[in-house]
2 protein chains.
Amino acid sequence: MKIALRKQQILAAVIESYIQTGEPIGSKTLQNTQGFNISSATIRNELADLTSLGFLKQPHTSAGRVPTEAGYRFYVDNLLDVKEPDERVRRYIDSRLRASDDAPEHILESCSALLSELLSIAAVATTPSGSEARVHKIRFVQTGRYTSMLVLITSAGMVKSRLFRCDFAITPEMLTVFDRALNEQVAGMRLEYINKAFAQTFAASFGELGLLMPDMLMAAIEACRDALSTSVYTSGATKLLYQGDLIAARNVLELLGDKTESRRLFENMPEGTNIYIGKENSSPLLRHSSLAQTSYYIDNRPAGALAVIGPLRMNYKGAVSILEYTAKRAGEIIEELIAG
Amino acid sequence: MKIALRKQQILAAVIESYIQTGEPIGSKTLQNTQGFNISSATIRNELADLTSLGFLKQPHTSAGRVPTEAGYRFYVDNLLDVKEPDERVRRYIDSRLRASDDAPEHILESCSALLSELLSIAAVATTPSGSEARVHKIRFVQTGRYTSMLVLITSAGMVKSRLFRCDFAITPEMLTVFDRALNEQVAGMRLEYINKAFAQTFAASFGELGLLMPDMLMAAIEACRDALSTSVYTSGATKLLYQGDLIAARNVLELLGDKTESRRLFENMPEGTNIYIGKENSSPLLRHSSLAQTSYYIDNRPAGALAVIGPLRMNYKGAVSILEYTAKRAGEIIEELIAG
DNA sequence: TGTTAGCACTCTAAACTCCCGAGTGCTAAT
DNA sequence: ATTAGCACTCGGGAGTTTAGAGTGCTAACA
């Protein structure tokens, strides 16, 4: 769609004003505050055009204009010139990410805290999915007479542990047997193959000894499932409660409170930066909100997502800028970690 | 304070009606719905007395009565006959707690989910504090060339792990040295003594070798700190958003979103079951809410807390009943686990 | 003395009306 | 193509009215 430059400038002005104030804006105010060198009548004509194009609407006949979802869409597609954040902000992000401790999980937790803090809206970060990963090795630590901890280390450097409990007393020898037998089989296997079927054939191949293993194997399966499934960290959802639209906020809270739902959000996200506005969202709970999402990369492959969720009139420019910078740095820092 | 039986019954009726409907209730409705054998005029007299006693108030001169905080207080102190939950509910609680996996943390997570589900309000559960616990032992698992996992096992059977990373390549021998040296010192020590001061004297006593240890010791300190500090699991806070009082809900969300704040809530709770109504709460964020809390016991000692947070007009009877039963069962099930 | 019927009184919330003013679209002049 | 001018629209705030739920008081009654 080809649209005259002045129309675009006016559209941008309306949207940015509305994002800032939340109030419908009319031709006169627009003329005064934005310093256009044209009369309000001319602006009115343009506004009428933009309205009939479907980019703006009026809450009622005699009110100012408000962007429609299509308007926001055009804005983010064509009128958003995103810059890197200020040096001060960049420094701040760096320092906060560096301060997180040595687990990727904690870095991602910091990402979501950081995003919601800087943008004053809800933020989400997902851990890398383990779907590409393989078992590197599995270790055992005895923690009690009947209990032990299984530690799974994946080829991607992720570490997951799981407690299990047997109904017989565990001896160190037994753990050595478990360790050797299990690692011989699973080392190098894709995580998703460590499932119930595998456990059965594995236990069966040990005859009587196999009877001692189900608890241990169950723990292994669960550890793999943990490593395979992405976890989702959220922050600042309550901030939305202070920003007007109660039902939108409530729905977002609902969505983010449900781990399964929020995980699903990122399952089929295309990589790169994406913005979903209102009804464009896959979840009906986001029908009145916007989601801005970007991927972070580990070894040049998209690993997980950072995202913010806010009202339709969220600060898209700032959001994209900060999202992309944070994602870049988070990827780099996690890479350093794993390289070790 | 001595109060005639009939007055008490009327007070109870008003409060229970208000809890159910949220509407002020007047003398006539009270007479009709609760089947008192006295005229509405008589009820009016009693209501006037209860009002001047400070247990009831009127939103405006010509409206029905609503309980005051003092009214709720009298109600929970004197008029609450708590029964065990139904068999069906008991079964349900049991099965849900059994289904949680073998870590106390997961059981407590289930508790909070369960409470908020059954009572439709926000629920909280805290893990046992480790303040009484001592180090049982510490184990190491190598997870990468430069990284390892430290596993802390406490005398209370709690297991915490922590990753750490050194800037030199780790060898199995080195871990064996760490293991032996560290355990010799710390086994049996109270968790809170494993702190920076300890780490310094410990590292110092190893001379040059001590220079290799700071990362490992840092991890040990953090694991102990983890084990020492109670974690707080919350569920269902969003349910409050559907129950009228928005600012109360918002404040609760705020409180529960902040781990430090919500931990503080339970720091000095007396054991047993307690109810804090409105301004009785220590946190100003709960000024418009009620908190009902009970302890669960491990080996006959109070270990942690289960609680629900809801509006002043929460269903106190159901809440206490379900809280106490859940706490009892949770304690028992955790005991079984740890006994192993 | 405790209970009750009757009644005048109070007060809110909902419905209705009125009107200001911001904002519009159209027309005619530049 | 732009602009000034103007009649028109309409939401929402202010003021008014009204219905009805609920009260407290009084006087009669058991």
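Order of the sequence lines sets the chain letters (A, B, ...), proteins ahead of strands, with each chain counted from 1.
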With a sphere of 6.0 Å drawn around NZ of A:Lys7, does it hold more than 12 non-hydrogen atoms of other residues, nucleotides or ligands?
yes
How many whole angstroms separate atom CG of A:Leu56 from atom C1' of C:dT24?
14 Å
Specify the residue among B:His60 and B:Asn37 whose closest nucleotide of DNA chain C lies further upstream toward the 5′ end.
B:Asn37
Interatomic distance where CG belongs to A:Asn45 and P belongs to C:dA28 [whole Å]:
15 Å
So, are B:Arg263 and B:Glu267 salt-bridged, with charged N and O less than 4.0 Å apart?
no
Checking A:Ile15, A:Leu56, A:Leu50 against A:Ile10 for side chain to side chain contact (heavy atoms under 4.5 Å, CB included), the one that qualifies is A:Leu50
Tell me the interatomic distance from B:Lys7, atom NZ, to C:dG2, atom P, rounded to whole angstroms.
10 Å
Interatomic distance, B:Phe36 CZ vs C:dG2 C1' [rounded to whole Å]
17 Å
Could you list the residues that satisfy ring-ring contact (aromatic ring centres under 6.0 Å, His included) with A:Tyr75, not counting sequence neighbours?
none
Above 12 or not: heavy atoms from other molecules or residues under 6.0 Å from CG of A:Asn268?
no
Could you state the atom-to-atom distance from CG of B:Leu47 to C1' of C:dT4 in whole Å?
15 Å
Residue pair A:Ile121 / A:Asn315, side-chain heavy-atom distance below 4.5 Å
no
If I take atom CD in residue B:Gln31 and atom P in nucleotide D:dT23, what distance separates them, rounded to the nearest angstrom?
12 Å
Given D:dT23, is OP1 or OP2 found less than 4.0 Å from the side-chain N or O atoms of B:Arg65?
yes
Interatomic distance where CG belongs to B:Leu5 and P belongs to C:dG2 [whole Å]
16 Å
Scan residues 13-28 of chain A against DNA chain D and write down, sorted by residue number, each residue with any heavy atom closer than 4.0 Å; if none is found, say none.
none
Judged by each residue's nearest nucleotide on DNA chain D, which is more toward the 5′ side, B:Ala41 or B:Ser62?
B:Ser62
Hey, is the side chain of A:Arg44 poking within less than 4.0 Å of OP1 or OP2 on D:dG5, counting only N and O atoms?
no
Without decimals, in angstroms, what is the distance between A:Leu30 CG and C:dA22 P?
16 Å
Under 4.0 angstrom between A:Thr61 side-chain N/O and D:dT9 OP1 or OP2:
no
Determine: side-chain N/O of B:Ser39 to OP1/OP2 of C:dT3, distance under 4.0 Å, yes or no.
no
Any side-chain donor paired with an acceptor under 3.5 Å for A:Glu324 and A:Thr273?
yes
